[in-house]
S.K.: 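Below you will find the structure I want to go over with you.
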Number of protein chains: 2
Amino acid sequence: MTIADIARRSGLSPATVSKVLNGRPDVSARTRLVVQEALVGAGYRRRGSLEAPPLIDVVFNDFDSPWAIELVRGAAAAAQAEGLTVAFTALSEGDERRIWFDHITSRGTRGIMLLLSKLTERQRGELAARGLPFVVIDPTAEPGPEVSSVGATNWSGGLAATKHLVELGHRRIGVITGPPELLCSRARLDGYRSALETAGLAFDDDLVLSGDFRMKAGYDQAQVLFGRRRRPTAIFAGNDLSALGVLRAARDAGLRVPDDLSVVGFDDIPLAEWSTPSLTTVRQPLIEMAAVAVRILLDSSGSDESLGRRVELATDLVVRESTAPPG
Amino acid sequence: MTIADIARRSGLSPATVSKVLNGRPDVSARTRLVVQEALVGAGYRRRGSLEAPPLIDVVFNDFDSPWAIELVRGAAAAAQAEGLTVAFTALSEGDERRIWFDHITSRGTRGIMLLLSKLTERQRGELAARGLPFVVIDPTAEPGPEVSSVGATNWSGGLAATKHLVELGHRRIGVITGPPELLCSRARLDGYRSALETAGLAFDDDLVLSGDFRMKAGYDQAQVLFGRRRRPTAIFAGNDLSALGVLRAARDAGLRVPDDLSVVGFDDIPLAEWSTPSLTTVRQPLIEMAAVAVRILLDSSGSDESLGRRVELATDLVVRESTAPPG
DNA sequence: GGGTCTGGGCGAAACGTTTCGCTATAGTCG
DNA sequence: CGACTATAGCGAAACGTTTCGCCCAGACCC
């Protein structure tokens with residue numbers, strides 16, 4: 001089954017078929033469609049499958065967070081073990097999505113790993129037609145069943161963090177979530193809610209604020225919480241970065257952590273161990289998550305089954321210095 | 001001038017010539033040489049020069065520091081503006097250098113950006129033969145004149161940091177340097193020395209310790225300094241990461257920063273602004289440095305001149321909360 | 001309406017790359 | 001020392017990719 005066969009089937013030249021396969025621009029939409037049908041119909045595969053470029057693409061929104069860094073590092077390590085390199089694309093705010101996508105597909109890749117990002121329906125289709133796998137880490141919305149994704153047990157993590165605070169004796173526990181549209185933010189919040197329920201504590205809307213996973217948000221929202229009539233004695237931050245913002249806000253407000261305020265983060269970035277005070281947090285195995293994602297990409301690279309896989313790795317509460325019984 | 005011509009000239013097949021051009025392993029050393037001579041003799045160039053893969057490679061030792069991250073981000077941004085992608089390779093400790101090098105060269109790249117790393121003589125030759133440019137950021141040793149490199153004004157930075165402390169009234173100023181083999185570490189230390197001299201202060205060997213740019217080293221060495229007969233009233237850390245280690249050590253030793261101890265870092269990583277207390281530091285324009293490096297790669301990609309460029313961008317003292325007059 | 005220009009879309013042919021098998025040489029065993 | 005095996009090195013041919021020019025449709029001008 002060669003390119004020439006496809007060309008004959010579809011009444012076009014081998015050159016044109018090649019262009020479609022490589023996402024070249026000088027093919028009309030109609031022709032492209034005809035070729036793609038012929039490709040699928042004939043079950044075409046490149047001959048030596050070794051031609052696939054030894055690249056794995058990691059794409060993320062410009063959040064320059066340690067969280068992303070850890071994932072990239074994990075991906076790089078896993079890729080290197082397979083003789084692959086990680087190429088990475090940071091999407092800045094206003095970026096037209098087409099740009100990076102065209103870029104990656106025209107250059108070729110072994111698979112695409114999306115951090116917190118989403119593909120358009122069109123893009124999904126194009127990838128499927130070319131047999132390029134992709135996997136989402138911490139998907140934004142509930143992804144379809146045919147989309148592979150990797151995450152952590154966010155709900156359990158939120159539960160564990162809150163339970164820890166409750167067991168220390170805290171009754172008023174503030175929350176600063178991540179962006180509400182993210183699945184992981186919502187799961188963590190639900191874990192919090194569930195822990196309160198189990199403990200027989202009321203859920204108070206006034207104590208729940210949303211942030212964006214950055215330090216500044218943690219800082220600002222912590223100040224809001226400090227201004228509440230009855231100040232919470234503990235804060236569960238959506239991630240470590242905002243938890244660090246909370247620590248900072250506490251210091252500026254003259255509150256001692258953990259004596260006057262307990263703080264729990266989420267992620268366990270390397271910094272959490274070195275902040276002052278060191279941060280109690282819910283550890284996500286980011287390195288492993290990236291490794292799993294790479295494995296999914298490589299596995300699904302060969303096979304045609306379009307059934308997605310959903311993997312959730314376990315989280316782990318790491319107790320350090322930022323939590324204590326309320327003063 | 002095609003591959004076939006070269007083949008005829010050297011009495012070999014086009015296939016073999018192609019293999020040489022692509023660094024394939026199944027060519028004997030002699031044959032490879034013959035072909036390379038023929039290539040040079042005939043002045044061969046690939047036809048469409050557009051085939052150069054749209055990749056820039058960033059290679060660094062596994063230091064997982066925010067410093068490297070900033071540079072990678074800068075490189076990614078600059079590359080994206082040119083329609084290129086950044087591929088990145090983290091060298092772990094025991095890595096055989098050949099591995100990554102063969103990998104990158106066989107896959108192809110537009111240029112290589114080395115962070116704190118070094119190439120062997122052989123590798124330099126191989127890159128030159130293939131016309132692949134490279135640039136070093138913060139070179140380890142004095143690089144030859146034909147090597148391009150980008151850095152910051154480390155000496156001035158060290159000078160400015162120390163001068164700042166001296167002007168605040170500090171007389172005993174400890175230093176925790178980076179790895180001594182790095183040019184930038186030594187330059188910063190010399191700046192420190194020079195500032196002391198200008199101020200008429202004696203240089204005391206007991207106050208100079210070396211670290212490795214990580215938090216733990218900052219922490220450990222700070223404890224050593226605290227144990228000195230006359231404890232220093234200020235510490236100049238080789239980079240922000242070790243400065244954070246110092247902050248932590250100070251807290252564990254019951255010293256208040258900046259009342260009992262002033263701390264200055266180097267780099268101005270994003271975190272410096274958010275640490276508690278926020279860190280006075282010498283800012284390196286990392287993003288710009290990476291952008292300059294990318295520009296050098298692309299500029300020298302076309303031309304044959306093998307003369308290296310050395311660029312040093314200006315550093316800048318950023319005064320925050322971690323420095324004050326000695327108590 | 002006819003001429004001219006422009007650009008998108010396609011294919012022929014030139015080109016580079018890869019696979020696969022052949023050959024010669026080195027290494028191994030009895 | 002001969003037979004057998006393994007391996008490195010190379011080339012023919014199959015294959016995919018790219019360039020370049022042709023064709024044609026639409027826009028524009030006169």
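This structure is a prediction, so every number in the text was calculated from the model and none was measured. When reading the values below, keep in mind they use all heavy atoms of this one structure, side chains included, and skip hydrogens, waters and symmetry mates. Every chain is numbered from 1, with letters handed out A, B, ... down the list of sequences.
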S.K.: Do A/Asp138 and A/Leu183 come within less than 4.5 Å of each other through their side chains, counting heavy atoms only?
M.R.: no
S.K.: Give the B/S/- string for nucleotides 5-10 of chain C, one per nucleotide from 5' to 3', where a protein heavy atom under 4.0 Å of the base yields B, of only the sugar-phosphate yields S, and otherwise -.
M.R.: ----SB
S.K.: Starting at atom CG of B/Leu21, determine the distance to atom C1' of C/dT18, rounded to an integer number of angstrom.
M.R.: 14 Å
S.K.: Can you tell me how far P of C/dG16 sits from CD1 of B/Ile3, to the nearest Å?
M.R.: 5 Å
S.K.: So, OP1 or OP2 of D/dT17: does either fall under 4.0 Å of a side-chain N or O from A/Asn22?
M.R.: yes
S.K.: Mind grabbing the angle between the end helix axes of the helix from C/dG1-D/dC30 to C/dG30-D/dC1? Five pairs an end, 10° rounding.
M.R.: 10°
S.K.: Does any non-hydrogen side-chain atom of A/Phe134 lie less than 4.5 Å from one of A/Leu114?
M.R.: yes
S.K.: Any side-chain heavy-atom pair from A/Leu313 and A/Val292 closer than 4.5 angstrom?
M.R.: yes
S.K.: Quickly work out the A/Arg8 CZ to D/dG16 P distance and round it to whole Å.
M.R.: 11 Å
S.K.: Quick one: is B/Arg24 getting a side-chain N or O under 4.0 Å of the C/dT17 phosphate, OP1 or OP2?
M.R.: no
S.K.: Under 3.5 Å, is there a donor-acceptor pair linking the side chains of B/Arg310 and B/Ser149?
M.R.: yes
S.K.: Applying side-chain hydrogen bond (donor to acceptor under 3.5 Å, both in side chains), can you list everything that pairs with B/Arg8, at least two apart in sequence or on another chain?
M.R.: B/Asp5
S.K.: With a 4.5 Å cut-off on side-chain heavy atoms, are A/Trp67 and A/Leu286 touching?
M.R.: yes
S.K.: Check whether any side-chain heavy atom of B/Leu298 sits under 4.5 Å from a side-chain heavy atom of B/Leu84, and report yes or no.
M.R.: yes
S.K.: Quick one: are A/Leu182 and A/Leu116 in side-chain contact, heavy atoms under 4.5 Å?
M.R.: yes
S.K.: May I have the distance from B/Leu33 (atom CG) to D/dG9 (atom P), rounded to whole angstrom?
M.R.: 14 Å
